Amino acid sequence: MRKVELLAPAGNEAALHAAVAGGADAVYLGLGSFNARRGADNFTIDTLRSACEYAHMRGVSIYVTMNTVILPGEVAEALECVRQAYRAGADGFIVQDIGLAAEITRTLPEASLHLSTQMNTHNLAGVRAAARLGAERITLARELSLPEVALLCAAAEEEGMEVEVFAHGALCVCYSGQCFMSSMIGGRSANRGMCAQACRLPYELKNAALQKELPSPGDHLLSPQDLCTVDMVPQLVEAGVASLKIEGRMKSPEYVYAVTSVYRKALDTALAACACTSGTDSVGGDLGRPSSSEVDPAITDADRDRLTDAFSRGFTTAYLDGKRGNDIMSYKRPNNRGLFLGRVDEVRDSAAFLKSDHVLAEGDVLEFWTRKGNGTLTLGPVRADKKGRYHLPLEGKTRMVKPGDRVFRVRSAEAAFEDDAREPRVPIVGTATLHIGEPLSIEFRVATEGEVLAAFLPPDVVPGADAGALPCHPERSAAGAEPKDLPNLVRAALPDELCTSLAVARRLGDAFPDGAPLGIAEGLDVEAARTRAVSFDDVAAHIDRLGNTPYQLVNLTIDMDDNVGIGFSQLHHARAEALDCLQLLILAGTIERPLPRVAAREPLPAAHPAGCRVAVTVTNPACARAAKRAGAHIIYVPALNYRRGEAVIAGQRNAAAEQAGYPKGCIPIMPVVDHEATGMSREAAVAYDVWKYVDAGKPLMAESLASLERAAEEDAVISVGAHLPVTNELSLRTVRDFGAERVWLSPELTLRQIEELSKDAPVELGVLLIGAQELMVTEHCMLMSQGPCDEDCAVCPRRKSPHYLRDRKGFEFPVVTDCFGRSHLYNSVELDVASSMPELLAAGVSSYMVDATLMNAEETAHAVGRAIRALHVAQNDGNAIAKMPNTTSGHLYRGVS
């Protein structure tokens, strides 16, 4: 049977136990720093060590998230964190920073490197780049359709890598790794694990030309629904996915257990169905079995209710099904809406009466949705009237409830998770030998799946099935026989606890393909009884006293002579020693791993820029010519705006700006998002190859790791844009190894950090000096909220007017949608650090960018002129020009948290 991992989140130890109890094959967790959920409880190295022992005893892998950018001054700490986590037992590392990824491959080759979804891998070049970094696994961007996933899975397999996809949980509206909104608004960087979730706040979409609010289904215009692929698991398995990932390191243990349990059931069923379809006859012909997508996935309405009860903003399959419109958004509510129970039938005597098909329990938390807001109620003793309606006492804010108001359950008391660090138990089988005159011997090994089934199920039927309907037992003729010819849906009919025991047995069996380890202990020689002989039942009862251990004895064979006399303490001692031996054998190779010595890196030659340059990014020929007249040394043009009819001035398409054409020497900027033209991608719908502007020996700007890889393959002269975060000396070195000659640094760096990076930097360094800071790139078009859209972006009238989102404080964030229908959200306040030119020069910066995306030709000329004047003044006498009013210096002086 093909192996597909179920990967669950753990924000703390209780959630770890919940994930394993729910049937996870692997768990990902974070330490105190360098992880994208720094707000979770997280783990220390000491608690990580115990977490790894707990997980490995049950055949579960532990992956440590190092999925943030690493700032200057943090490199040594980050590397030591990885080394100590590996020593403590971590099986793999989920990494965003390209420099850290490359260094893990170089210095800790035994560790498994996984590239985070923060690396924004969504095309074939991204897969090749991941292989170049030494990754074993890629977590794909969430904006891919199923055919794209299948294509990238096949490509990854050719490179010897695995593919992981998100299967359930919260969706970011922005492409992961590309969001600066939280950072620029409040200093809390999403790329540093401190996202403030500005996307879940209310906004109004406005048309700047009309100066009025546009219609929308709700106020939360950047809030997607939650991803739920429980009914797509068979298709994901068929696509070649190696790991299904559940989001939720900030979620409760109850959430983790419920969601993991349901997906365990779905995945087991899909894998069993997949095994049924993989058989061929002796000449390779198909055996005529149904495809896995035709087999009932056995996910019931009750399972879906469990997912909804756990947490839901509404569920969507989103981009996997090619959806990118309003139906994937949660415009009306950005937080948990829970399970819909029904509408209030009647209100009287300070109580609401509710008829519902769902069973309520004491302690459930209900939420009433009224016209005047929402109110919650924690249910006391459950009462019902003679009509079978639930009696819900109203008090406080719930007194405003009226008949017809909707009722949701936002917390289920029965779903509470009872944490026990010994659960789930490891199923074992034992053998005790008591022969007079020979040493007492006790042996334990991990049970097989067949032995677990034999111990806990009736011999002929699956629980809950009609008598004799589903034979579920394997042949029992040989000890340890494995389940054979089980029906596809057998596991779906088993209780969660038994499924988990089977999963533990299966994983530990897979971990020891040459045979299960045998924990053996011997005691003193067995003597004949002097008074009362020890019975078979006595021996069995005392060996089976495992209550304070993590084990569950599913089968015990006792080989003993008649008239044996032995003290029960000897049985206890030998049992404990055999179990300790078994534990050491299971954990061998994962405890206190030796760390290899780290060889020093060969230094790269420092770059020596030939003077300083002012560059400009323009999105139309008129601004390009204005910039050239104003003295810009370099003119960059997004490849998307080279296309005829795609000139954009100040956020709106304008064909008049194209009449003169772009001047010679403009350098293309490859898009941050560049899908393969396959499946349901926008590139498949819009025939436009941005790489046609790229030639060997000619310059370009790469805005993603994938573009960097492909540009190197095309032998281009490469600058790296700020959308590929370069924030430390390791990432500088890595992009240089890929062939880059100039790097436009991350906008999240401070002046002091830039100065630290510039020392002997192997590439030229540039910064954004003046212009709009892009906050988001989204697959969902933000302009869709105003009404139906046919997604024919080439003729979309909305794109001919500038739009912006207004937040609750009155700040206005410009929105620009490109020819593929992707939206780009910009900061409400323009960046201008031209007044800091003397300090930037002293810090070692040699290239300065003016981003004129939201400017007209006159504004572009003025901004370029201001940049050049600032440079000349600073170079000539060390002075600074005045700061522009109503602008921001970004993170140049305040940094990020």
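Predicted, not measured: the structure shown is a model, and the values here were computed from it.
- Side-chain atoms of Leu640 and Val690, non-hydrogen and from C-beta on, do get closer than 4.5 Å to each other.
- Side-chain contact between Val672 and Tyr175: absent, with no pair of heavy atoms (C-beta onward) separated by less than 4.5 Å.
- The two residues Ala711 and Leu700 have their closest heavy-atom pair at CB-CD1, 3.7 Å.
- In this model, a donor atom of one side chain and an acceptor atom of the other lie less than 3.5 Å apart for Arg337 and Ser330.
- Of the inter-residue distances, the one linking Asp268 atom CG with Tyr263 atom OH reads 14.5 Å to the nearest 0.5 angstrom.
- A pairwise comparison of heavy atoms in Ala702 and Ile718 identifies CB-CG2, 4.2 Å as the closest pair.
- In summary, the side chains of Glu164 and Thr139 do present a donor paired with an acceptor at a separation below 3.5 Å, with no hydrogens or angles considered.
- Counting only distance, with no hydrogens or angles, the side chain of Glu646 and the backbone of Asn641 share no donor-acceptor pair below 3.5 Å.
- When atom types are taken as modelled, the side chain of His220 and the backbone of Gly218 share no donor-acceptor pair closer than 3.5 angstrom.
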Go through the steps to decide whether Phe93 and His114 satisfy the test ring pair (Phe, Tyr, Trp, His ring centres under 6.0 Å), and finish with yes or no. CA-CA 6 Å; Phe93 297 91; His114 301 182; 8.9 Å; no

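- A salt bridge does not link Glu5 with Lys245: every distance from a Lys NZ or Arg NE/NH1/NH2 to an Asp or Glu carboxylate oxygen is 4.0 Å or more.
- Side chain of Tyr331 to main chain of Pro224: no donor-acceptor pair is present (N/O by atom type, distance under 3.5 Å, no hydrogens or angles).
- Evaluation of the ring pair (Phe, Tyr, Trp, His ring centres under 6.0 Å) rule for Phe315 yields His168 as partners, not counting sequence neighbours.
- Checking Glu676 against His122 by side-chain atom types alone, no donor-acceptor pair falls below 3.5 Å.
- Proximity of Lys3 to Leu271: side-chain heavy atoms (C-beta onward) are nowhere separated by under 4.5 Å.
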Evaluate side-chain hydrogen bond (donor to acceptor under 3.5 Å, both in side chains) for Arg324 paired with Thr778, printing each intermediate quantity in order. CA-CA 10 Å; Arg324 53 188 295 273; Thr778 70; over 6 Å; no

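- Gln786 pairs in a side-chain contact (heavy atoms from CB on, under 4.5 Å) with only one of the listed residues (Leu214, Asn207, Leu221), which is Leu214.
- For Lys332, the NZ atom counts as loosely surrounded, since its 6.0 Å shell holds 12 or fewer non-hydrogen atoms of other residues, nucleotides or ligands.
- Note on Arg132 versus Glu709: salt bridge recorded, some NZ/NE/NH1/NH2 to OD/OE distance being below 4.0 Å.
- Going from atom CD of Gln235 over to atom OG1 of Thr317 covers 10.0 Å, rounded to the nearest 0.5 Å.
- Checking Ser704 against Ser707 by side-chain atom types alone, a donor-acceptor pair falls below 3.5 Å.
- Remark: side-chain polar atoms of Asn326 are paired, donor with acceptor, to backbone N or O of Met784 under 3.5 angstrom.
- Not a single donor-acceptor pair under 3.5 Å links the side chain of Arg264 to the backbone N or O of Gly22.
- Checking side-chain atoms of Asn336 against main-chain N and O of Ser312 turns up a donor-acceptor pair under 3.5 Å.
- Two residues are said to be in side-chain contact when any heavy atoms from C-beta on lie closer than 4.5 Å; Cys228 and Thr316 fail this criterion.
- Inspection of the Glu774 and Tyr826 side chains reveals an N or O donor paired with an N or O acceptor under 3.5 Å.
- When all heavy atoms of Met680 and Leu320 are compared, the pair lying nearest together is CE-O, 3.6 Å.
- Once rounded to the nearest 0.5 Å, the distance linking CD of Glu658 with CZ of Arg643 reads 11.0 Å.
- Between Asp818 and Arg799, none of the side-chain N atoms (NZ, or NE/NH1/NH2) sits under 4.0 Å from a carboxylate O, so this pair counts as no salt bridge.
- For the residue pair Pro147 and Gly679, the shortest heavy atom distance occurs at CB-CA, 3.6 Å.
- Annotation: the span from Glu703 atom CD to Met670 atom CE amounts to 10.5 Å, rounded to 0.5 Å.
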Passes side chain to side chain contact (heavy atoms under 4.5 Å, CB included), Ile94 versus Tyr28? Steps please. CA-CA 8 Å; Ile94 304 171; Tyr28 64 104; 3.8 Å; yes

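- Here the OG-CG distance, from Ser731 to Leu724, works out to 8.0 Å after rounding to the nearest 0.5 Å.
- Ion pairing of Asp25 with Arg506 is present here, as a side-chain N (NZ or NE/NH1/NH2) and a carboxylate O approach within less than 4.0 Å.
- Relative to the ring axis of Phe166, Arg142 places its NZ or CZ within 45° and under 6.0 Å from the centre.
- Contact check on Glu683 versus Arg822 returns a salt bridge, with a Lys/Arg side-chain nitrogen under 4.0 Å from an Asp/Glu carboxylate oxygen.
- Between Tyr662 and Tyr642, the ring-plane angle classifies as perpendicular under the 30° and 60° cut-offs.
- Rounded to the nearest 0.5 Å, atoms CG (Leu783) and SG (Cys789) are 8.5 Å apart.
- Using a 4.0 Å cut-off between a side-chain N of Lys or Arg and a carboxylate O of Asp or Glu, Arg682 and Glu791 qualify as a salt bridge.
- Across Asn191 and Gln118, no two heavy atoms sit closer than the pair OD1-NE2, 3.5 Å.
- Taking 4.5 Å as the limit, every side-chain heavy atom of Phe820 sits out of range of all side-chain heavy atoms of His675.
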Quick one, Leu115 with Arg137, criterion side chain to side chain contact (heavy atoms under 4.5 Å, CB included). Give me CA distance, side-chain angles, the key distance, then yes/no. CA-CA 6 Å; Leu115 297 194; Arg137 178 183 291 182; over 6 Å; no

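- Using a distance-only test at 3.5 Å, with no hydrogens or angles considered, a donor-acceptor pair links the side chain of Thr619 to the main chain of Val648.
- Here the shortest heavy-atom pairing between Glu136 and Ser112 reads OE1-OG, 3.0 Å.
- Inter-residue side-chain proximity for Glu713 and Arg128 is flagged as met; some heavy-atom pair is nearer than 4.5 Å.
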Would Thr300 and Lys265 count as a side chain to side chain contact (heavy atoms under 4.5 Å, CB included) here? Give the steps. CA-CA 10 Å; Thr300 65; Lys265 179 180 178 181; 4.3 Å; yes

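- Around the CD atom of Glu157, the shell of radius 6.0 Å holds no more than 12 heavy atoms that belong to other residues, nucleotides or ligands.
- The backbone N or O of Met329 sits nowhere less than 3.5 Å from a side-chain atom of Arg313 that would complete a donor-acceptor pair.
- Side-chain atoms of Thr229 come within 3.5 Å of backbone N or O of Ala167 as a donor-acceptor pair.
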Determine whether Leu825 and Val816 satisfy the following criterion, side chain to side chain contact (heavy atoms under 4.5 Å, CB included), listing intermediate values before the conclusion. CA-CA 7 Å; Leu825 185 70; Val816 178; over 6 Å; no

Audit row: Asp301, Arg304, salt bridge (charged side-chain N to carboxylate O under 4.0 Å, His left out) steps and yes/no: CA-CA 5 Å; Asp301 288 342; Arg304 296 184 183 89; 3.4 Å; yes

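- At a threshold of 4.5 Å between non-hydrogen side-chain atoms, the residues Met161 and Val127 count as touching.
- Contact check for Val149 versus Val165: side-chain heavy atoms found under the 4.5 Å cut-off.
- Using modelled atom types, one side-chain atom of Thr105 and one backbone atom of Leu133 make a donor-acceptor pair closer than 3.5 Å.
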